[in-house]
There are 2 protein chains.
Amino acid sequence: MLAALTRAGYSNTRARRSVLEALFEANGQASPSELLVLGRAHHPALGIVTVYRTLEVLSELGLVRRLHQDDGCHTYAPVQHHHGHYVICVRCHRTIEFEGCDIGAVIASVEAQTGFKVREHWLEMFGLCPDCLAPGRDAA
Amino acid sequence: MLAALTRAGYSNTRARRSVLEALFEANGQASPSELLVLGRAHHPALGIVTVYRTLEVLSELGLVRRLHQDDGCHTYAPVQHHHGHYVICVRCHRTIEFEGCDIGAVIASVEAQTGFKVREHWLEMFGLCPDCLAPGRDAA
DNA sequence: CGGTTATTTGAAAACCATTTTCAGTTTTCA
DNA sequence: TGAAAACTGAAAATGGTTTTCAAATAACCG
Ligand SMILES: [Mn+2]
Ligand SMILES: [Mn+2]
Ligand SMILES: [Zn+2]
Ligand SMILES: [Zn+2]
């Protein structure tokens with residue numbers, strides 16, 4: 001990921017490295033302010049502005065994807081599959097990317113129903129992760 | 001819709017009526033500030049706070065659904081089908097609800113891949129509406 | 001109908017995630 | 001190593017949304 005940044009002409013800075021590390025230490029996905037906290041463990045002077053700026057660059061390069069939260073805030077997850085979507089645990093917020101979003105038939109049906117030509121889609125799923133499904137668990 | 005509000009114990013006020021009218025005059029979906037403008041045609045003193053409050057009540061009663069915009073802002077659309085999702089025109093923002101979101105197989109596959117138990121999902125599609133598909137059109 | 005009470009309303013202020021500005025710092029590269 | 005380009009963080013600005021609060025309105029009862 002750092003290599004991709006460098007290849008794209010961006011400098012290899014301590015601030016950016018700390019954001020990358022934070023991204024991989026998170027629970028599959030994290031908000032900018034969570035990344036700030038995680039990143040400061042590696043680079044205490046890290047500022048929130050740089051977290052936002054780094055995430056924007058990573059998004060443009062397709063290395064990170066922005067997830068939408070119900071309240072309108074955003075969260076970021078490393079991209080694993082070219083066409084991936086996410087399942088998010090509503091209890092502990094663990095997030096896993098899945099592939100095989102096989103909604104071609106749904107898209108065809110929507111196009112037939114509405115006359116639209118569909119170009120993109122958002123799909124996010126919410127539920128409980130294996131840990132949170134296990135009975136008798138209390139900690140997050 | 002007004003009847004449903006009354007039935008649920010809410011007062012029938014001029015401000016709420018103007019928000020309802022605005023909702024049906026919109027292009028299938030509208031932001032709070034757009035609804036404010038439309039609503040003021042019916043009730044000039046309408047305030048943005050009441051628009052938000054009315055939308056919150058309508059959401060709770062299941063009469064309106066909140067759509068997520070890419071920038072994190074929200075938009076609201078009248079509910080037509082119990083389990084509906086939306087296609088949004090990226091050019092003119094016309095929004096149509098569709099039903100028959102047949103993603104049971106995708107959900108099963110995600111559950112198998114990840115071990116999660118899926119409870120809910122978000123699905124929004126983006127593309128061009130019939131009008132905006134027609135060549136030689138320029139107006140929105 | 002009035003009168004009374006409970007609900008609702010809008011302006012202004014508060015909130016808070018995100019973006020912009022800007023002067024100082026760090027990287028890059030020759 | 002030194003100059004130029006890229007980057008950084010603090011502080012301020014932005015803008016959608018929520019909270020507060022006193023005044024206005026709707027519902028209800030006689
Ligand atoms: Mn997909
Ligand atoms: Mn669905
Ligand atoms: Zn979990
Ligand atoms: Zn259109």
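Letters go in sequence order (proteins before strands), and every chain restarts at 1.
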>> Could you work out how much the helix from C/dC1-D/dG30 to C/dA30-D/dT1 bends, comparing the axis of its first five pairs with that of its last five, to 10°?
In response: 40°
> Atom NE2 of A/H42 to atom P of D/dT8: distance rounded to whole Å?
Replying inline: 16 Å
> Once you round it to whole Å, what is the distance between P of D/dA10 and OH of A/Y52?
Replying inline: 15 Å
> In terms of hydrophobic clusters joined by side-chain contacts under 4.5 Å, are B/I88 and A/W122 together?
Replying inline: yes
>> Just the rounded figure in Å: distance from P of D/dA26 to CG of B/L2.
In response: 13 Å
> Under the 3.5 angstrom rule, does the side chain of A/R66 hit a backbone N or O of A/A77 as a donor-acceptor pair?
Replying inline: no
> At their closest point, which heavy atom of B/T50 faces which heavy atom of B/A15, and how far apart are they?
Replying inline: CG2-CB, 3.7 Å
> Any chance the rings of B/H121 and B/H83 have centres within less than 6.0 Å?
Replying inline: yes
> Who passes salt bridge (Lys or Arg N to Asp or Glu O under 4.0 Å) against B/D102, sequence neighbours left out?
Replying inline: none
>> As an exercise, state the distance from SG of B/C89 to CE of B/M125, rounded to the nearest 0.5 Å.
In response: 15.0 Å
>> Within the 3.5 Å criterion, strictly below it, is a donor on A/E124 or A/Y86 matched to an acceptor on the partner's side chain?
In response: no
> How close or far is atom C1' of D/dG16 from atom CD of B/E56, stated in whole angstroms?
Replying inline: 15 Å
>> I need a per-nucleotide contact map over nucleotides 1-13 of chain C, read 5' to 3'. Cutoff is protein heavy atoms under 4.0 Å; write B for the base, S for backbone only, - otherwise.
In response: ------SSBBBB-
>> At a heavy-atom distance below 4.0 Å, what parts of residues 59-74 of chain A sit against DNA chain C?
In response: A/C73, A/H74
> Does any pair with a residue in residues 31-60 of chain A pass ring pair (Phe, Tyr, Trp, His ring centres under 6.0 Å), and if so which ones, sequence neighbours excluded?
Replying inline: none
>> Can you measure B/L36 atom CG to D/dT18 atom P for me and round it to whole angstrom units?
In response: 15 Å
> B/E34 CD to D/dG16 C1': how many Å, rounded?
Replying inline: 13 Å
>> Keeping B/R65 on the side-chain end and B/Y76 on the backbone end, is there a donor-acceptor pair under 3.5 Å?
In response: no
> Roughly how far, to the nearest 0.5 Å, is the CZ atom of A/R40 from the CG atom of A/L35?
Replying inline: 12.5 Å
> Between D/dA5 atom C1' and A/N12 atom CG, what is the distance in whole Å?
Replying inline: 16 Å
>> Going by the rule ring pair (Phe, Tyr, Trp, His ring centres under 6.0 Å), which residues pair with B/H74 if we only count those two or more places apart in sequence or in a different chain?
In response: B/H68
